[in-house]
Amino acid sequence: MKRTTRFLLLPLLATALLAPSCRRSRPAPAAGANLLVITLDTTRSDRLGCYGDARADTPALDSLARAGVLFESCYAPAPLTLPAHCSLFTGRWPIAHGVRNNGRYALPARETTLAEALSAAGYDTAALIAAYVLKGKYGLDQGFAWYEDRLGAAEKPGDADAEIPADRVYAKFRDWLQRPRRRPFFLWVHLYDPHKPYAPPPEFLKAAGDDPYRGEVACADHAVGQMLADLRGRGLLERTLVVVAGDHGEAFGEHGERGHGIFCYEESVRVPLLFSGAGLPRRAARVPQRARLVDVLPTVLELLGVPVPGSCQGTSLAGMLAGREEKGQRPVLVESLYGRELNNWAPLTALISGRHKYISLPRAELYDLDSDPGERENLFRKHRAEARRLDDELAAFVAAQRGSGAAAKRSLDAGERRKLEALGYVSGFAAAGRGGLDPKEGIVFQERCAELVAALDRGETARVETEALRLAEETAGLKFPFAYLLLHHVYQRQRRWDKVEANLRRAIAVFAADPSQSAVFQGNLAELYLARGEGDAAEKVAAAILAADPRQPRVLELLGRAAEERGDWPRALDFYLRAQAEERNNYSLAKKVLRARLKLDDRRGALEALEPLLDAAEGRGDPDLLFTAAMLFVDSGDDARAEALLARLVAIEPTAPRWFDFSLLLARRGKTAQAIAGMEKALAAPAGQLDEERRRAALRALRAWKARPPR
Ligand SMILES: [Zn+2]
């Protein structure tokens, strides 16, 4: 008991030492409490029961809202997972922390994260991650003592689509909960289920009225309920501040987009935000005023009594949590560079100020959110003066937030505006066409492309080919990669490898000036060559990609496979290790490293490569790995560990050969009775499972063991 108290005091002590005395005259309401942050990926607030959706099946989140405080109008700073999470966990806008898109950016080490602040205050920190886009290499692992981002046995290197469902995240949560701890914890749990593809387990699909998206939300809600119940069961919940936030929403065609990433309409940027548990001054309360994800970090730190980093640009919501009204609405900066970086469209920046949302694009938009929350009527032409004022305000906001956020509001001259353009901000009043195609026009092509992908899945290959060729021709001057990607799928489906190659070569030439885009096509070309057995050609293309970016795990792994095909195991191992340096915690890659070490007869290295694999849930259920590991332990004289692994193996795969091996080891360990029982199981298995040689050996062994005096 004494010990617990001593450690619980740590954050309090840190607060007392570090917090400026002027900041706080009374103790923090949740000082020393645990913190659980759950982020619900791709979850629109209006698809939760507590936000008024009558069709939702979200009892856990609804009860959290009843027990705590719900923010009716919370905004994400971008409709993209990584930038939004970086803002949530730094309290800074994307333009300040610099993470503007998924995949191409990593949160810089100079940024101070919530995990770093809490870890410095004595917290035990852990994160459970459900999707590739948030893997540690993208920088959000800063400050976490444990960043669990393994995504299962099927995860390939560089596999942007890799994800794990809520039940797997919950299993990791249970493992985490069983760990001994003597300090308050900060746990971040990421649930990815509502993201495409929508494929909820049948029971959740049914509960959500056969709506697959709502079914995925219900599935995530179920995991939230399980985690809260477990915390309650251990008496931890009342000492835990729980925050639930969405990272961005999801569009269902309201403005032409299906999914998220391109536009910043309400459906894409309005997210749930709930506070519950320890330290909340009110319960069952709803806050109608606007909140932003950047406001979460300062709020949480204030409640926990931990100093807020000076770089934070958000403002604490603690006053609103306590029921104090704020004058006016907080302004919101929203942006997406996704269209620009992937499709060469114009960048999108928007400002929500007062009742208006102004979207800066070649065809700029202005909406009155009070009278037109569905953003149906673009008032840009009608209220040009208001639009002009907001355009200036947006430019000033961007300019102010790009640095420390301390710059005063002011109007900008032409030179300053040009500097902002380099950062991805283009005024809606700039000359038309500057900055690229308006995404409102681009989306039409992209949606046509999405329809064709669906048609391809239905087997309408010939029609899709004709349409895809037409699309490629229509968009030839616009440099859209998706027309080429679509043709790639068509020709692959038709197994017309010459056409696959010609299309890829053309795409590589078109995107020669855009290394990250052309790398995608070059990677596909290298895969094609390798599949055709043309290892030399594959290596040549792969080398060209690495010359532009030497850290591409997918390409490094491909080069490893090419070396393997030639039987050059030292070279294969070298590439696998280089890929592994970029892609920690990748199960399939770690298995390749293990195999290469075994091929090179490096037993010691193999044993080292084995440990993290066996530690992973995937490894514990992987028969081939369990067998390989058992043999390695037998080899190194550790029969006890080998026995444990083979015992697990026969439990997963109770076949005659598995019982045969297990029984031999049991006999060697002197466990004759168990060995006899095991070998009898092997012999009783259906004929054909055991080959003749082993069958005879089994009978011989049985006779010998039975003749031994019992032990
Ligand atoms: Zn997301």
Side-chain angles (χ1 to χ4, degrees), residues 37-48 61 74-90 93-94 97 99-107 113-114 127-141 147 149 151 155 159-166 168-169 188-200 212-221 223-224 243-252 257-274 292-294 296 332 334-339 341-342 348:
V37 174
I38 301 173
T39 56
L40 303 171
D41 214 287
T42 323
T43 304
R44 294 168 62 133
S45 51
D46 64 1
R47 290 297 191 273
L48 303 184
L61 294 164
C74 178
Y75 283 86
L80 294 162
T81 306
L82 183 65
H85 275 90
C86 286
S87 288
L88 174 70
F89 286 129
T90 60
W93 300 100
H97 59 61
V99 177
R100 313 292 295 279
N101 201 346
N102 295 334
R104 299 181 177 201
Y105 298 83
L107 187 68
T113 63
L114 180 60
L128 309 177
I129 301 304
Y132 188 89
V133 61
L134 294 180
K135 276 185 95 77
K137 66 176 179 174
Y138 296 121
L140 275 171
D141 59 347
Y147 198 84
D149 60 359
L151 300 173
E155 181 196 358
D159 183 1
D161 295 328
E163 62 168 299
I164 52 170
R168 296 271 298 283
V169 178
W188 165 31
V189 177
H190 172 232
L191 296 169
Y192 198 65
D193 303 65
H195 197 281
K196 275 185 188 172
Y198 317 132
Y213 174 75
R214 282 189 173 88
E216 294 279 33
V217 174
C219 183
D221 179 89
V224 172
V243 181
V244 176
D247 66 341
H248 53 77
E250 183 79 329
F252 296 106
E257 181 178 15
R258 288 175 195 281
H260 59 269
I262 294 167
F263 292 136
C264 293
Y265 299 111
E266 298 288 278
E267 57 270 20
S268 299
V269 291
R270 282 277 291 271
V271 294
L273 179 62
L274 308 171
R292 299 96 40 106
L293 286 185
V294 290
V296 171
V332 186
V334 190
E335 64 159 55
S336 176
L337 295 196
Y338 179 88
E341 297 201 338
L342 265 84
L348 186 157

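Read the numbers this way: they start at 1 and go in the same order the structure lists the ligands and their atoms.
A search for side-chain contact (heavy atoms from CB on, under 4.5 Å) contacts involving D141 returns Y147, R584, not counting sequence neighbours. Y192 meets the ring-ring contact (aromatic ring centres under 6.0 Å, His included) test with H190, H195; sequence neighbours excluded.
The angle subtended at the Zn ion (ligand 1) by OD2 of D247 and NE2 of H248 is 100°, given to the nearest 10°.
The N, O or S atom of D41 with the smallest distance to the Zn ion (ligand 1) is OD1.
With contacts defined as side-chain heavy-atom distances shorter than 4.5 Å, the pair E335/P94 qualifies.
Using the six-membered ring where Trp is involved, W188 and H85 have ring planes that are tilted, between 30° and 60° apart.
Using a cut-off of 2.8 Å, one finds that T81 contributes an N/O/S atom close to the Zn ion (ligand 1).
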